[in-house]
Amino acid sequence: MQARYWTHDEMWAELRHLEAANSQLMRVEVIGQSRQGRDIAAVTLTDADFGNPEDKAAVLVDANIHAGEVSGNAVAMYWIQWCIEQYGQDPEATELLRSHTVYVIPRIAVDGAELYLTTQARFRSSPHLYPHSQTPDGFVEDDVDGDGRVLMMRVPAEDGGYAIDEVDPRIMRPRRPGEFGGKYYHVFPEGRIDRVAKTGSLPALPTAKAARRHGMDFNRNFPIRWAGETGQRGAGPYPLSEPELRALADFVHRHPNISAYAALHTSGGVILRQPSTGDDAVLSEVDRALFTQVAKIGEQVSGYFSGSNYEKFATGHEKVLMPGAADDWMYDHLGVLSFTIEIWDLDGRAGARGYGQYGMRALLALSPEEILEDERKVYAYVTREFGAEGYFDWKSFDHPDFGPVEIGGLDPKFIIQNPPLRLLPEECQKVSAFLTKLGLSTAKLTITSVSCDRVADGVYRIVGEAANAGFLPTSSTDKGKQLLLEGIRAELSGSYEMIAGASPQSVGHLDGYGVRSRYAPPAQQRGYAEWLIRAAAGTELTVSFAGPRAGRVSQVIRIEG
């Protein structure tokens, strides 16, 4: 398996190579184009000899919805390779592709990610102009000193809010209340003031307001508690306004067998689950158990922390927490068991406090000295482990807007936001282990018995029994049942005359073994269908059970006279 950061062309070349070499297991399709015309890929993985992809319960994994979160794409590509290379050797990979289907959309923000990887630029999601209709004046991040990176910049000023840390002079600490008599700085990202309008000379700092030319956030554009730009920055002009997201949404609706979902993001080293709207009491008892159990097994195999979106992100200041997010849409609107995985935990590796472990409320309660203590740990870790590859000394630069400044700090792309290349394989392995467990947790429909009893000459009673051998119910979640998702249907096909019964007939949803009452009979895990028919001896009939998120299983029986 290769753990690397893929450009658009490199990613597509690898996907086509894998597809050509593994046609029985893998199919690649184009599901849409970006604003700049780049193809968006979707990968289907399953062993076709053990059933069609749509006839098995599926897990969907997408990645790189935020342009700079390229380690999500790296994990997605790594997991695709792992599933294929380990098929027939590793028991989990083999079971996953024989009994289940895997869908992977390895990169959503294809335009922004390409620029992120090939230039010094950084974007939230897309490089198109938003939210403005005309290019605004203001401060833009830029590599002003030409070293190929956009680092931090400190500008000496009497009214500056920062001072050089006395313990570690590489760090800028907040200026303390009532502090005076020292040298102080304004500190902000490396960049410049870009004036589109024709004006005379203006002072730099008062006009250094962020231009926000590329403010689109794909993960605030889904049709779930959508808040608009005034309620949530980056939300877009209307839900699913972006072609990349319409392609994703259309793919989801074309594949009703999707019963588990994971979105790959950075960073924090945490597996995020539902709910986003309050503490765990807002979930049903069943869904609370399903989410927590799957998240806990994720902790065990990945070493990441886990918790709900609300637990980890809520501060108490939000009107709505992260409106328009993909995992909320997948669960609240579609009833799919949904997770967001934040890859890479720089704070945790440095021994500092991060939101993945403590949550945002706890971090907001830290004192300035505690925050500074954690920052010192991060700088010490980066210097010790990566040296000049991760930390860049402050160097003087004569800035065209701000005069004498100094530029330096940590690599924002491959230290802060994404893991450095040599640690990427470890992150890929850890997250892939959880994705495999998630896929294996989906429903697995089986036929446990079929009986055919002669009632009279030419008249037979047929009873078929089906079971769900998967962890998740055939509705994926209790929410899926509440949304009236179609359950299991039984069919009897062949040459016969129906006397009593119906084909198809509803069997309803079947619980998985994850939905269980302690030491109680598994009545809700099994279901049956019954038919009274007239048929000739020697006739072959097929008994089938199928459901959108459970797959399809069939068994052939022969009428014996």
Side-chain angles (χ1 to χ4, degrees), residues 5 7-8 64 66-74 109-130 132 135-157 160-162 170-172 185-196 204-205 207-217 233-234 265-267 344 346-347 375 378-379 382-383 386-421 424:
Y5 294 113
T7 66
H8 184 74
N64 217 166
H66 291 141
E69 299 176 5
V70 289
S71 51
N73 171 257
V110 289
D111 294 340
E114 188 70 3
L115 289 170
Y116 184 91
L117 288 167
T118 59
T119 73
Q120 80 280 4
R122 292 184 289 178
F123 303 98
R124 181 61 167 165
S125 290
S126 175
H128 76 277
L129 186 64
Y130 175 87
H132 306 285
T135 304
D137 288 354
F139 179 80
V140 294
E141 294 187 15
D142 197 9
D143 176 23
V144 294
D145 64 357
D147 70 349
R149 298 176 183 84
V150 177
L151 300 171
M152 296 300 289
M153 192 160 61
R154 62 187 188 190
V155 184
Y162 291 86
R170 301 171 301 174
I171 296 172
M172 302 304 295
Y185 299 83
H186 296 297
V187 181
F188 47 90
E190 182 181 353
R192 58 186 172 81
I193 298 172
D194 189 22
R195 293 190 176 93
V196 178
L205 287 171
T207 56
K209 297 177 182 177
R212 282 203 74 222
R213 295 176 177 176
H214 314 291
M216 184 68 218
D217 187 338
R233 297 182 105 196
H265 288 246
T266 65
S267 59
W344 176 236
L346 174 60
D347 291 322
E375 191 169 2
V378 169
Y379 269 72
V382 171
T383 304
F386 310 109
E389 296 179 7
Y391 167 75
F392 301 89
D393 284 324
W394 295 100
K395 63 179 182 180
S396 299
F397 180 73
D398 189 13
H399 197 285
D401 299 314
F402 305 110
V405 304
E406 291 177 272
I407 298 172
L410 303 181
D411 183 335
K413 288 189 174 184
F414 299 104
I415 287 292
I416 296 175
Q417 190 169 26
N418 298 282
L421 192 57
L424 185 59

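For reference, positions follow the sequence shown, starting with 1.
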Taking side chain as C-beta onward, heavy atoms only, is [X] less than 4.5 Å from [Y]?
X: Leu346; Y: Ser267; answer: no
X: Leu424; Y: Ser71; answer: yes
X: Arg149; Y: Phe392; answer: yes
X: Asp411; Y: Ile416; answer: no
X: Thr118; Y: Glu114; answer: yes
X: Val155; Y: Tyr185; answer: no
X: His214; Y: Ser126; answer: no

Using atom types as modelled and distance alone, determine if a side-chain donor or acceptor of Gln120 lies under 3.5 Å from a backbone N or O of Val150.
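No, because the side chain of Gln120 does not come within donor-acceptor range (under 3.5 Å) of the backbone of Val150.
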
Taking the side chain from His399 and the backbone from Gly191, do they hold a donor-acceptor pair closer than 3.5 Å?
yes

Does Phe188 have more than 12 heavy atoms from other residues, nucleotides or ligands lying within 6.0 Å of its CZ?
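Result for CZ/Phe188: enclosed.
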
Is the number of heavy atoms from other residues, nucleotides or ligands within 6.0 Å of CZ (Arg195) greater than 12?
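It does: Arg195 CZ has more than 12 such atoms within range.
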
Residues forming a side chain to side chain donor-acceptor pair (under 3.5 Å) with [X], sequence neighbours excluded:
X: Asp217; answer: His66, Arg124
X: Asp137; answer: none
X: Asn73; answer: Arg107
X: Glu141; answer: Arg122

Pairwise distance [atom1]([X]) to [atom2]([Y]) - rounded to 0.5 angstrom:
X: Met152; Y: Glu406; atom1: CE; atom2: CD; answer: 13.5 Å
X: Ile171; Y: Glu375; atom1: CD1; atom2: CD; answer: 5.0 Å
X: Gln417; Y: Trp344; atom1: CD; atom2: CH2; answer: 12.5 Å
X: Thr266; Y: Asn64; atom1: OG1; atom2: CG; answer: 8.5 Å

Parallel, tilted or perpendicular: which one describes the rings of Phe139 and Phe402, with boundaries at 30° and 60°?
tilted

Does a donor on one side chain and an acceptor on the other come within less than 3.5 Å for His265 and Glu69?
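Yes, a side-chain donor-acceptor pair sits under 3.5 Å.
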
Can you list the residues that meet the salt bridge (charged side-chain N to carboxylate O under 4.0 Å, His left out) rule with Lys209, with sequence neighbours excluded?
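Here no residue qualifies.
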
By salt bridge (charged side-chain N to carboxylate O under 4.0 Å, His left out), which residues pair with Asp111, not counting sequence neighbours?
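Partners of Asp111 under the salt bridge (charged side-chain N to carboxylate O under 4.0 Å, His left out) test: Arg38.
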
Do Val70 and Lys413 pass the side chain to side chain contact (heavy atoms under 4.5 Å, CB included) test, and can you show the C-alpha distance, the side-chain angles, and the key distance before you say yes or no?
CA-CA 9 Å; Val70 289; Lys413 288 189 174 184; over 6 Å; no

For the student: nearest non-hydrogen atoms of [X] and [Y], plus distance:
X: Gly68; Y: Asn418; answer: O-ND2, 2.8 Å
X: Val382; Y: Leu410; answer: CG1-CD2, 3.9 Å
X: Asp194; Y: Val140; answer: CB-CG2, 4.1 Å
X: Pro136; Y: Ala211; answer: CG-O, 3.2 Å

Is the distance from the ring center of Phe123 to that of Tyr116 below 6.0 Å?
no

Apply ring pair (Phe, Tyr, Trp, His ring centres under 6.0 Å) to the pair Tyr391 and Tyr379, showing each step before the final yes or no.
CA-CA 8 Å; Tyr391 167 75; Tyr379 269 72; 5.8 Å; yes

If you measure from the Lys or Arg side-chain nitrogens to the Asp or Glu carboxylate oxygens, is any gap between Asp393 and Lys395 under 4.0 Å?
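So Asp393 does not pair with Lys395 through a salt bridge.
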
Can you name the one residue among Asp401, Asp145, Asp142 that meets salt bridge (Lys or Arg N to Asp or Glu O under 4.0 Å) with Arg192?
Asp142

As a quick check of understanding, evaluate side chain to side chain contact (heavy atoms under 4.5 Å, CB included) for Arg154 and Val405, giving each step before the final call.
CA-CA 6 Å; Arg154 62 187 188 190; Val405 304; over 6 Å; no

For side chain to side chain contact (heavy atoms under 4.5 Å, CB included), just list the numbers for Met172 and Trp394, CA-CA rounded to whole Å, side-chain angles, deciding distance to a tenth of an Å, and then say yes or no.
CA-CA 11 Å; Met172 302 304 295; Trp394 295 100; 4.0 Å; yes

